[in-house]
Each structure stands twice: as structure tokens, then as C-alpha cells.
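Here is the structure we will look at, set down as C-alpha cells.
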Amino acid sequence: MTVIDTPGPVRVRFAPSPTGFLHVGGARTAIYNELLRRARGGAFILRIEDTDRERSDDRMTRQIQDALAWLGLEWDEGPFLQSERIERHREAVAGLLAAGKAYRCFATQEELDAARKEAEARGSAFLYPGTWRDADPAEVARRMAAGEPFAVRLKMPGTAITFDDFVRGHMVFPPEVLDDYVLLRSDGTPTYHLSVCVDDIDMGITHVIRGEDHLSNTPKHVALFQALGGKVPMFGHLPLILGQDKKRLSKRFGATSVEEFRAQGILPQALYNYLALLGWSPGDDRELMTRDEMSAVFTPERLNDSAAVFDQAKLLWMNFQYLTRLSTAELVVELGPFLAEIGLTGVDPVRLATAVELQRPRAQSLRELAESLPMYFAERVEYDPALVEKYKADPTVAPLLAELAARYAALPEFSVAALDEALRHLANERGVKAGFLIHPLRLAVSGLTGGPGVFDLVALVGREGAARRLGEFLALLG
RNA sequence: GUCCCCAUCGUCUAGGGGUUAGGACAUCGCCCUUUCAAGGCGACAACACGGGUUCGAAUCCCGUUGGGGAUACCA
């Protein structure tokens with residue numbers, strides 16, 4: 001999208017409302033804001049839009065900050081709580097009223113509802129008709145004196161409102177779709193529109209990157225910025241993130257909040273990278289990029305203008321790529337909380353590291369990796385009855401396996417090489433293929449049919465563990 | 001309903017008047033291999049449709065269809 005923009009420092013903000021966990025859509029918005037700030041210099045401001053006290057929650061405010069910090073996002077200013085700036089917002093309205101740019105509206109909720117219903121019946125969108133816009137001042141004064149409640153509405157200019165959106169292009173909204181909207185509710189509280197614009201002006205915001213759901217609010221905001229005498233920032237409206245069903249991302253298709261991905265064992269670098277690429281690309285074929293690599297080439301003009309479907313499979317692939325870049329020691333540290341959660345604690349650190357080493361190419365997330373580890377340390381393993389039956393059906397298996405168990409028990413050194421050598425020697429001696437022994441051995445020791453090299457597996461489980469599991473399995477074979 | 005936005009492989013995307021329409025994920029195959037992965041190599045796979053404009057359209061314009069968003073004294 002070609003939009004005229006002056007290079008140089010920016011002042012951007014991420015302004016979530018604390019009504020829930022940080023959603024991946026919000027996280028992506030925050031990422032683009034931060035990327036623009038890092039690319040151009042300036043400041044990235046965190047502002048919590050908690051004007052709706054009913055739905056806001058201080059715990060969520062905390063959670064959002066934690067989630068942003070976990071993702072590696074760093075804000076330069078804030079967090080500012082919008083609720084603490086209400087007086088400032090009211091002041092702004094007083095100024096607008098004094099300047100004749102806003103007016104008091106005594107329309108009741110009932111009147112408005114009736115008009116809305118009527119508009120609906122006609123098949124058109126409801127727009128406040130401006131009933132009180134040019135009301136007789138004496139009447140207004142009388143009602144005020146009588147203590148009647150009123151809302152304050154902005155006088156829209158009555159002309160088309162245009163702005164250049166750096167992701168959508170040139171936007172034009174004719175006056176017919178814009179009405180005199182509410183700035184201050186009749187209970188004296190500011191609406192979102194008022195708070196946002198006043199705060200953006202006060203904080204010197206130069207670029208607003210936000211979700212597409214705000215696109216149709218933008219002409220309202222442009223009018224307010226102008227009425228307030230503030231500089232209108234540049235806008236960029238991001239398309240939404242969709243679920244597999246191409247509808248708005250919902251719980252139905254799995255995780256939607258940053259917290260949930262964290263709990264799944266996704267690395268923050270991976271989620272950051274994945275989200276950044278869901279709606280932006282550097283223009284070449286690079287995909288695995290660090291934040292610094294991205295901010296070095298980030299331009300808002302390359303933000304995509306069509307919605308993207310969230311692809312969990314690709315996120316997992318990307319997570320695997322980042323997991324691969326971690327040393328085993330680092331991986332063990334990252335695994336800590338997950339191991340604690342599944343109760344695998346207090347195990348020998350050397351054996352744990354070896355187990356991680358063996359399992360790491362087989363797991364795409366920290367959680368998956370953690371869950372593959374107890375098998376190495378458990379007292380016993382479970383066997384699938386169908387598989388037990390399979391080996392029972394061949395009467396030559398049990399005696400051979402028993403002999404192998406005996407030789408393993410007698411091994412002077414319980415090493416991978418020795419285990420390997422002993423098995424192959426026995427197979428050779430009895431004229432069977434190594435695989436004939438390897439498969440039941442794997443099952444006996446791990447309870448699984450797949451996994452790391454069987455000798456690594458047996459060595460790690462150890463002499464006692466292997467003997468115990470082999471014994472139990474042999475007992476099942478009868 | 002009305003207004004607005006969007007439309008390249010199944011998915012994320014590059015490209016943007018003349019390309020064998022490129023990459024990645026997923027899928028499938030082969031190699032490696034005691035198994036499962038990982039890794040290597042390869043295959044399949046896209047310009048929604050209809051009209052224009054043009055010597056030439058996936059690319060520009062209009063329409064249709066489809067999807068999404070907004071329609072609050074919520075944010």
C-alpha cells in the first residue's frame with residue numbers, strides 16, 4: 001500500500017482492554033506496534049483501556065502485562081490506566097462544549113431504542129438524527145436546571161471524512177454514514193471514543209495500528225481529533241485472525257490466548273515469530289526471523305490487508321525450529337515447570353539430560369517433550385494387551401528374550417555398545433535377524449513400538465530397570 | 001437489512017501488465033534406519049467467477065459470488 005508517511009521516530013501504543021486474557025490477535029497488534037517502534041525509534045506505549053469498570057479486572061491487567069513481557073515485548077512508557085485519566089477526558093468535553101463543537105442531548109434511552117427499531121424495520125442503519133444539535137439554549141438550560149440527565153454528543157462536520165490508512169489505502173466516509181455520537185454518557189463517564197482520542201493526543205501518538213474492527217470507528221475519531229485541535233495520527237487497520245473454519249478465531253479450534261500457548265509449551269520466540277508473519281512478510285523468503293531481524297526491515301506498508309487463518313501445525317513446526325536451537329541444558333531449564341506439573345521431579349539430572357537428548361527430535365512443544373519423559377524413570381510401564389498377544393503367538397520369542405535378559409544381566413558394562421553387541425551376538429548365534437529381538441525388547445522396556453534407538457533406551461533405563469521390565473514382560477508372555 | 005473491508009496452492013505468503021506463478025507448513029513418495037521421529041531428496045497443489053481496458057491481465061477497472069467487520073450512552 002503506498003501511503004505518504006514521513007520517516008523518523010514514531011510514538012505508538014498498544015491499548016488492550018483488560019476484559020480477558022491477551023488474545024493472539026491482540027498480541028499480533030502489539031508486535032507490529034513494537035516492530036514499528038524498533039524500526040523507526042521513538043516510543044511504544046502501553047495503555048490499559050479500563051474505562052468499562054464493569055468488565056475490567058485488575059488481575060487481567062496484570063495478566064496482559066505478563067503475557068506481553070513473556071513474549072519479549074518491551075514498552076517504553078506506561079502502563080497508563082485510562083480510568084485514571086477520566087478527569088482529563090471530562091475537561092476535554094467541557095472545552096468542546098464551550099467551543100460549540102459538542103452539545104448536550106436529552107434523548108432518553110427509550111426514544112433512542114424506538115428510533116433504532118424503526119430504522120431496523122426500514123432496513124437502514126440507525127443514525128442519531130441530531131435532535132438536540134440545534135436545540136433552543138433556553139430549553140437546554142431549563143432541563144439542566146431541572147436536573148435532567150444528558151449525554152454529550154460530538155457535532156460531526158457534515159462533510160465526508162477521509163484518511164489514508166497505511167494498510168487499506170485511501171478511505172472515504174460520506175456524511176450519511178456518520179452521526180453525532182456520544183462522548184460523555186449521561187452518568188458522566190467518558191466513552192471509549194473520547195478516551196482514546198484524548199489519550200492519543202496527550203500521548204503524542206503518531207501511528208495507530210489496531211484491528212480491523214476499529215476501521216469504521218476511525219472517521220469518528222478523525223472528526224474528534226480535529227474538533228479537539230489535535231494532530232490526526234496515521235492509521236493502519238489489521239485484518240482479523242481467523243480459525244480453521246474461516247470464522248473469527250474461537251476456542252472451538254483450540255488455544256486463542258497467549259497464556260494457553262505458553263501452557264502448551266510454545267516458546268515465546270516461536271509465537272512471536274509466527275504471529276509476526278501472520279499478516280506481514282519481509283518480502284523475501286525468510287521465515288525464521290528474530291525480533292531484531294524483523295525490526296531491521298519492518299515497514300508498515302508491507303502489512304497484509306486480507307485476513308489470515310491461524311495454523312497450529314505451522315506454529316508447532318516453527319516451535320520445533322526454536323526448540324532445536326536450544327542446547328539440552330537450556331531445554332532442561334525450560335522444561336522445569338512442565339516436569340513439575342506432571343510430577344516428574346527429583347530425578348537424576350544426568351539421566352534427565354540424556355532422556356531429553358533422546359526425545360528432543362520427537363517433540364514439537366515443551367509439553368509434548370515433558371510428557372515423553374516419565375517412561376524413562378517410571379517403576380513400571382504399561383503394555384498394550386494386543387501387542388503382548390502378538391508376541392505370545394510366536395513361541396520362539398519368549399525363550400530368546402529370556403536368554404537376552406540373562407545375558408544383559410551378566411554384562412560387565414551396561415553400555416550402549418555392549419547392549420548392542422550382546423543382542424547381535426545372540427541373534428547371530430540363533431540364526432534370527434536382530435530385528436526379531438529388537439522389537440520385543442523395545443516393547444518390553446518402554447511399552448512402546450517407536451522411539452529412540454533401543455540400546456540407548458535400555459542403557460538409560462538402566463540395569464535394574466531393564467531387568468525388572470523384561471521380567472514383567474516375560475511373565476506376561478507366560 | 002444498511003455501510004465498510006477483503007479475495008494467489010488445503011494453510012501462511014512472494015510476485016504485480018509478457019514468470020515454467022517462487023518459498024514455507026501440511027499431505028504423499030523415496031533415501032537413511034532396529035522402530036518412531038529428525039534429516040536429505042522429490043512429488044502433488046493456486047491466481048473465486050463474469051465482463052471490460054490492453055497487442056497481451058493473476059496483475060488495472062466494473063459487476064457477481066463468497067468471506068469478514070461495523071451497525072451502542074461496549075471497548
Side-chain angles (χ1 to χ4, degrees), chain A residues 15-19 49-52 54-56 82 105 107-109 112-113 116 119-128 149-153 165 167-169 171-174 176-179 181-193 195-196 211-219 237 239-240 242 244 246-248 274 277-288 304-318 320 324 358-364 420 423-424 427 433-439 441-443 446 448-455 457:
Chain A
S17 54
T19 52
E49 314 235 306
D50 59 346
T51 48
D52 184 1
E54 287 290 297
R55 297 199 300 160
S56 295
Q82 205 156 53
C105 168
T108 64
Q109 204 55 251
L112 294 174
D113 287 347
R116 200 184 321 279
E120 247 167 54
R122 259 201 333 272
S124 56
F126 169 72
L127 292 175
Y128 174 72
F150 60 85
V152 176
R153 290 178 183 270
D165 187 297
V167 352
R168 309 279 162 164
M171 298 276 107
V172 179
F173 291 83
E176 306 87 75
V177 304
L178 275 3
D179 67 352
Y181 65 96
V182 174
L183 299 176
L184 211 56
R185 299 187 191 95
S186 49
D187 65 359
T189 61
T191 61
Y192 160 77
H193 303 299
S195 305
V196 169
E212 182 184 69
D213 43 340
H214 289 293
L215 188 54
S216 48
N217 286 330
T218 305
H237 288 91
L240 265 33
L242 309 177
Q244 300 292 303
K246 299 237 181 190
K247 300 217 185 299
R248 205 180 187 133
Y274 178 74
L277 252 36
L278 199 63
W280 176 83
S281 73
D284 52 36
D285 287 337
R286 281 181 298 170
E287 291 206 302
L288 260 10
N304 271 125
D305 58 5
S306 56
V309 173
F310 192 93
D311 186 0
Q312 174 85 7
K314 186 147 184 177
L315 202 218
L316 285 171
W317 169 80
M318 202 168 266
F320 181 81
T324 301
L358 293 181
Q359 290 300 133
R360 58 181 300 174
R362 263 159 283 264
Q364 288 184 301
D420 191 329
L423 182 141
R424 289 186 199 282
K433 284 190 181 169
F436 185 78
L437 268 171
I438 282 173
H439 297 300
L441 173 62
R442 169 185 301 286
L443 180 65
S446 70
L448 304 172
T449 55
V454 74
F455 305 114
L457 194 70

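Residue numbering restarts at 1 for every chain, and letters A, B, ... go by the order of the sequence lines.
- Contacts of A:Ala119 with the nucleic acid, taken as non-hydrogen atoms under 4.0 Å apart, are absent.
- Nucleic acid contact for A:Leu112: base, since at least one base atom lies under 4.0 Å from a heavy atom of the residue.
- Of all nucleotides listed (B:rC5, B:rA37, B:rG22), B:rC5 comes nearest to the side chain of A:Arg168.
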Inset, instruction - Under the side chain to side chain donor-acceptor pair (under 3.5 Å) rule, what do A:Ser306 and A:Asn304 come out as? Steps first, then yes or no, please. - result: CA-CA 6 Å; A:Ser306 56; A:Asn304 271 125; 5.1 Å; no
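- On the P atoms, B:rG16 is 15 Å away from B:rA21, given to the nearest whole Å.
- The P atoms of B:rU27 and B:rA37 are separated by 10 Å, rounded to the nearest whole Å.
- Looking at every heavy atom in both residues, A:Arg362 comes nearest to A:Leu358 through NH2-O, 2.8 Å.
- For the pair A:Val309/A:Gln244, a side-chain contact is recorded, criterion being any heavy-atom separation below 4.5 Å from C-beta on.
- Using a 4.0 Å heavy-atom cutoff across all strands shown, A:Ser306 reaches sugar-phosphate atoms only and no base atom.
- B:rU71 atom C1' lies 10 Å from atom CG of A:Asp179, rounded to whole Å.
- Residue contacts for A:Glu212: at a heavy-atom cut-off of 4.0 Å it reaches the sugar-phosphate backbone alone, with no base atom in range.
- When distances are taken from the side chain of A:Arg424 to each of B:rU11, B:rU34, B:rA75, the shortest belongs to B:rU34.
- Within the nucleic acid shown, A:Pro452 comes within 4.0 Å of at least one base atom, counting heavy atoms only.
- As the counterpart of B:rG1, B:rU71 is assigned, both hydrogen-bonding distances of the Watson-Crick or G-U wobble pattern falling under 3.5 Å.
- Contacts of A:Gly451 with the nucleic acid, taken as non-hydrogen atoms under 4.0 Å apart, include base atoms.
- Using a 4.0 Å heavy-atom distance criterion, A:Asn304 is classed as a sugar-phosphate-only contact.
- Looking at which nucleotide of RNA chain B each of A:Thr449 and A:Asp284 is closest to, the 5′-most match is held by A:Asp284.
- Here, B:rA46 and B:rC9 have their P atoms 9 Å apart, quoted to the whole Å.
- Nucleotide B:rG16 forms a pair with no other nucleotide shown, judged by Watson-Crick or G-U wobble geometry with both contacts under 3.5 Å.
- When distances run from any side-chain atom of A:Glu287 to the nucleotides B:rG23, B:rC36, B:rC4, the shortest one goes to B:rG23.
- Note on A:Val454: a base of the nucleic acid sits closer than 4.0 angstrom, heavy atoms only.
- Looking only at distances, no side-chain donor or acceptor of A:Thr191 sits under 3.5 Å from a matching main-chain atom of A:Leu184.
- The side chain of A:Arg286 contributes no N or O atom lying less than 4.0 Å from OP1 or OP2 of B:rG23.
- Contacts of A:Ser281 with the nucleic acid, taken as non-hydrogen atoms under 4.0 Å apart, involve only primed sugar atoms and P, OP1 or OP2.
- Between the CG atom of A:Asp187 and the P atom of B:rA72 there is a distance of 18 Å, rounded to whole Å.
- Only the C1' atoms considered, B:rC28 is 28 Å distant from B:rA58, to the nearest whole Å.
- Residue whose closest nucleotide on RNA chain B sits further toward the 5' end, between A:Asp213 and A:Phe455: A:Phe455.
- The distance from atom CZ of A:Arg122 to atom CD of A:Glu120, rounded to the nearest 0.5 Å, is 11.0 Å.
- Under 4.0 angstrom from either OP1 or OP2 of B:rG68 there lies at least one side-chain N or O belonging to A:Lys247.
- Rounded to a whole angstrom, the distance from the P atom of B:rU20 to that of B:rC36 is 42 Å.
- Closest to the side chain of A:Trp317, from the set B:rA24, B:rU2, B:rA75, is B:rA24.
- Among the heavy atoms of the strands lying under 4.0 Å from A:Phe320 are primed sugar atoms or P, OP1, OP2 only; no base atom is included.
- Residue contacts shown for A:Gly279 are limited to sugar-phosphate atoms, with no base heavy atom under 4.0 Å away.
- The phosphate of B:rU11 has OP1 or OP2 within less than 4.0 Å of a side-chain N or O from A:Lys246.
- Taking the C1' atom of each, B:rU8 and B:rA24 are spaced 15 Å apart, rounded to whole Å.
- Of all nucleotides present, only B:rC49 satisfies the Watson-Crick or G-U wobble test against B:rG63, with each distance under 3.5 Å.
- An OP1 or OP2 oxygen of B:rG69 is reached within less than 4.0 angstrom by a side-chain nitrogen or oxygen of A:Arg248.
- Judged by a 6.0 Å distance limit and a 45° cone about the ring axis, A:Arg153 is positioned over the six-membered ring of A:Tyr128.
- Base-pair partner of B:rC25: B:rG10 (Watson-Crick or G-U wobble, both distances under 3.5 Å).
- Annotation: B:rC60 and B:rC47 have their C1' atoms spaced 15 Å apart (nearest Å).
- The shortest distance between the side-chain N/O atoms of A:Arg116 and the OP1/OP2 oxygens of B:rA72 is below 4.0 Å.
- Side chain of A:Ser281 to main chain of A:Leu277: no donor-acceptor pair is present (N/O by atom type, distance under 3.5 Å, no hydrogens or angles).
- Among the atoms of the strands shown, base atoms are found under 4.0 Å from some heavy atom of A:His193.
- The partner of B:rC30 is B:rG40, by the rule that a Watson-Crick or G-U pair needs both atom distances under 3.5 Å.
- Listed nucleotides B:rC36, B:rA75, B:rC12 differ in distance to A:Ala308; the shortest reach to its side chain belongs to B:rC12.
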